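Computed from a prediction, not measured in an experiment: that's the story for all the values here. In what follows, chains carry the letters A, B, and so on, assigned in the order in which the sequence lines appear, proteins first and then strands, with residues in each chain numbered from 1.
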Number of protein chains: 2
Amino acid sequence: MASTTDRLLVEQWRSIQDAYFRTSCALDRALDAKFDIGLNEFEILDLVAENSKSSCRMKELGERTPMSQSAVSKVVDRLEKAGLLTRQSCADDRRSLYLELTAAGRKLHQAAAVEHRALLKENLA
Amino acid sequence: MASTTDRLLVEQWRSIQDAYFRTSCALDRALDAKFDIGLNEFEILDLVAENSKSSCRMKELGERTPMSQSAVSKVVDRLEKAGLLTRQSCADDRRSLYLELTAAGRKLHQAAAVEHRALLKENLA
DNA sequence: TGTCATTGAATGACGCGTCATATAGATTTT
DNA sequence: AAAATCTATATGACGCGTCATTCAATGACA
């Protein structure tokens, strides 16, 4: 054991970890510094902005993100408290909630997205 | 804005995130279930096991891992409490500490490493 | 050699994510 | 249609990582 295959695997994994850490830290810091939101907050904003025309959100978000359901719920809490989006009850299923960006949310998202893409470009490949 | 380049970037990033999450969660759960240690604990064990012949550890670990210095300190705390390694003071620089696996630590590391490599093989590429 | 800056490590407060659970509303079963 | 089950979300306890700070030991420099 401790074959060269294993060593290569471990090295590959470490470099993935490293890349992931670098990128997500860079994103997180920049977004926090300039827009006062964390990376997860931005990603939820980004998802909501992406399909700002379809159905009951919370649920869908859970499917489009690796975050757990409760994490999403808490991120949305913060975004709502920050006045960036609203939860609105859903007529056809009163358990569900629609999420909608506020004007402030849309504005912040647009600005932050520019930064986000730029940092991705810098950090990926 | 919202160029196709940007969309591609974002997709690339999401797939990296996804891969990272899947792999690290799988590792974390398996290691915790079978050996009662988390992924970070294993990685420190792995690093210590790797160069079990050289100098003052804590410091070096900080350089070989994306974890912060204080995170490393706390992981080592847990490993020490679990009886898997020891901190030993360093003759030539009394601020530094040597880390050494205990017999139990070595044993657990060997078993866990097999699992770890197997899961990496499953999840990468 | 006495000051001043630097370095290795530990610690406490804090934020966030996870798990398990709770709750209310939907759906199915009989 | 009542009972049982399932589904969408929220919540609280808890663990862990980060930041800022602290402390002791080292090194530099006058």
Side-chain angles (χ1 to χ4, degrees), chain A residues 17 20-22 24-33 36-44 47-48 54-82 85-100, chain B residues 17 20-22 24-33 36-44 47-48 54-82 85-100:
Chain A
Q17 282 183 300
Y20 178 77
F21 257 79
R22 275 190 199 297
S24 64
C25 284
L27 288 169
D28 204 40
R29 287 164 185 286
L31 292 171
D32 189 37
D36 201 37
I37 58 172
L39 178 53
N40 282 345
E41 276 83 356
F42 173 78
E43 299 200 325
I44 294 298
L47 286 174
V48 175
S54 56
S55 51
C56 307
R57 235 38 61 104
M58 292 297 291
K59 178 64 191 326
E60 306 173 5
L61 290 183
E63 293 158 7
R64 288 180 165 67
T65 191
M67 281 183 265
S68 70
Q69 176 264 318
S70 75
V72 172
S73 179
K74 291 177 184 189
V75 169
V76 170
D77 274 356
R78 278 173 250 140
L79 291 171
E80 193 175 27
K81 265 161 204 147
L85 56 71
T86 61
R87 290 186 234 236
Q88 294 173 182
S89 61
C90 196
D92 41 308
D93 184 342
R94 300 210 306 268
R95 293 167 305 180
S96 294
L97 294 172
Y98 285 107
L99 300 183
E100 261 181 46
Chain B
Q17 282 183 299
Y20 178 77
F21 257 79
R22 276 189 198 298
S24 64
C25 283
L27 288 169
D28 204 39
R29 288 165 183 284
L31 292 171
D32 189 37
D36 202 37
I37 59 172
L39 179 53
N40 282 346
E41 277 83 354
F42 174 78
E43 298 198 326
I44 293 299
L47 286 173
V48 175
S54 56
S55 51
C56 306
R57 234 40 59 105
M58 291 299 290
K59 179 67 192 324
E60 306 175 3
L61 289 183
E63 292 160 5
R64 289 180 165 69
T65 193
M67 280 182 265
S68 69
Q69 177 264 319
S70 75
V72 173
S73 179
K74 291 177 184 190
V75 169
V76 169
D77 273 356
R78 278 173 249 140
L79 290 170
E80 194 174 27
K81 266 161 203 147
L85 55 70
T86 60
R87 291 185 233 235
Q88 294 172 182
S89 62
C90 197
D92 41 307
D93 185 342
R94 299 210 307 267
R95 292 167 303 182
S96 294
L97 293 174
Y98 285 108
L99 300 183
E100 262 181 44

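Of the two residues near DNA chain D, A:D77 and A:F21, the one whose nearest nucleotide lies more 5' is A:D77.
Annotation for A:R87 and A:L99: closest pair CG-CD2, 3.7 Å, computed over non-hydrogen atoms. Considering all non-hydrogen atoms of both residues, A:G38 and A:L31 come closest at O-CD1, 4.4 Å.
Here A:S68 does not reach the OP1 or OP2 of C:dG17: none of its side-chain N or O atoms lies under 4.0 Å away. The shortest distance between the side-chain N/O atoms of B:R87 and the OP1/OP2 oxygens of C:dA10 is below 4.0 Å. Between B:R29 and C:dT18 there is no side-chain N or O to OP1 or OP2 distance below 4.0 Å. In this model, the phosphate group of D:dG17 is approached by a side-chain N or O of B:R78 to a distance below 4.0 Å at OP1 or OP2. Put simply, B:N40 has a side-chain N or O that comes within less than 4.0 Å of OP1 or OP2 on D:dG17.
Atom CG of B:D32 and atom C1' of D:dC14 are 14 Å apart (whole Å). Counting to the nearest Å, the P atom of D:dG17 and the CD atom of B:E41 are 7 Å from each other. The distance between atom CG of B:L79 and atom C1' of D:dC16, rounded to the nearest whole Å, is 14 Å. Atom CG of A:D92 and atom C1' of D:dA8 are 13 Å apart (whole Å). Summarising the geometry, the separation between CD on A:E80 and P on D:dA10 is reported as 8 Å, rounded to the nearest angstrom. A straight line from CD of A:E63 to P of D:dT7 spans 12 Å, rounded to a whole angstrom. A straight line from CD of B:Q17 to P of C:dG17 spans 12 Å, rounded to a whole angstrom. Residue B:Y98 contributes atom OH, which lies 14 Å from atom P of C:dG8 at whole-angstrom precision.
Counting distance only, with no hydrogens placed and no angle test, the side-chain atoms of A:S70 and the base atoms of C:dC19 include a donor-acceptor pair under 3.5 Å. Below the 3.5 angstrom threshold, one finds no donor paired with an acceptor across the side chain of B:R95 and the base of D:dT26. Within 3.5 Å, a donor on the side chain of A:Q69 pairs with an acceptor on the base of D:dA10, or the reverse.
Considering only side-chain atoms of B:S73, the nucleotide from C:dA26, C:dT11, D:dA10 that sits closest is C:dT11. When each of C:dG25, C:dT18, D:dA25 is scored by its nearest atom to the side-chain atoms of B:R94, the top-ranked nucleotide is D:dA25. Taking every side-chain heavy atom of B:L97 into account, C:dA10 is the closest of D:dT9, C:dT18, C:dA10. Distances from the side chain of A:K74 to the nucleotides D:dA13, D:dA8, C:dG8 place D:dA13 closest.
In this structure, the side chains of A:E43 and A:P66 stay at 4.5 Å or more apart for every pair of heavy atoms. Side-chain atoms of B:I44 and B:N40, non-hydrogen and from C-beta on, never get closer than 4.5 Å to each other. Within the 4.5 Å cutoff, side-chain heavy atoms of B:M58 are placed close to those of B:S73.
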Exercise. Apply the test side-chain contact (heavy atoms from CB on, under 4.5 Å) to residues A:R29 and A:D32: give CA-CA distance (whole Å), side-chain angles for both, the deciding distance (0.1 Å), then the verdict.
Key: CA-CA 5 Å; A:R29 287 164 185 286; A:D32 189 37; 5.8 Å; no

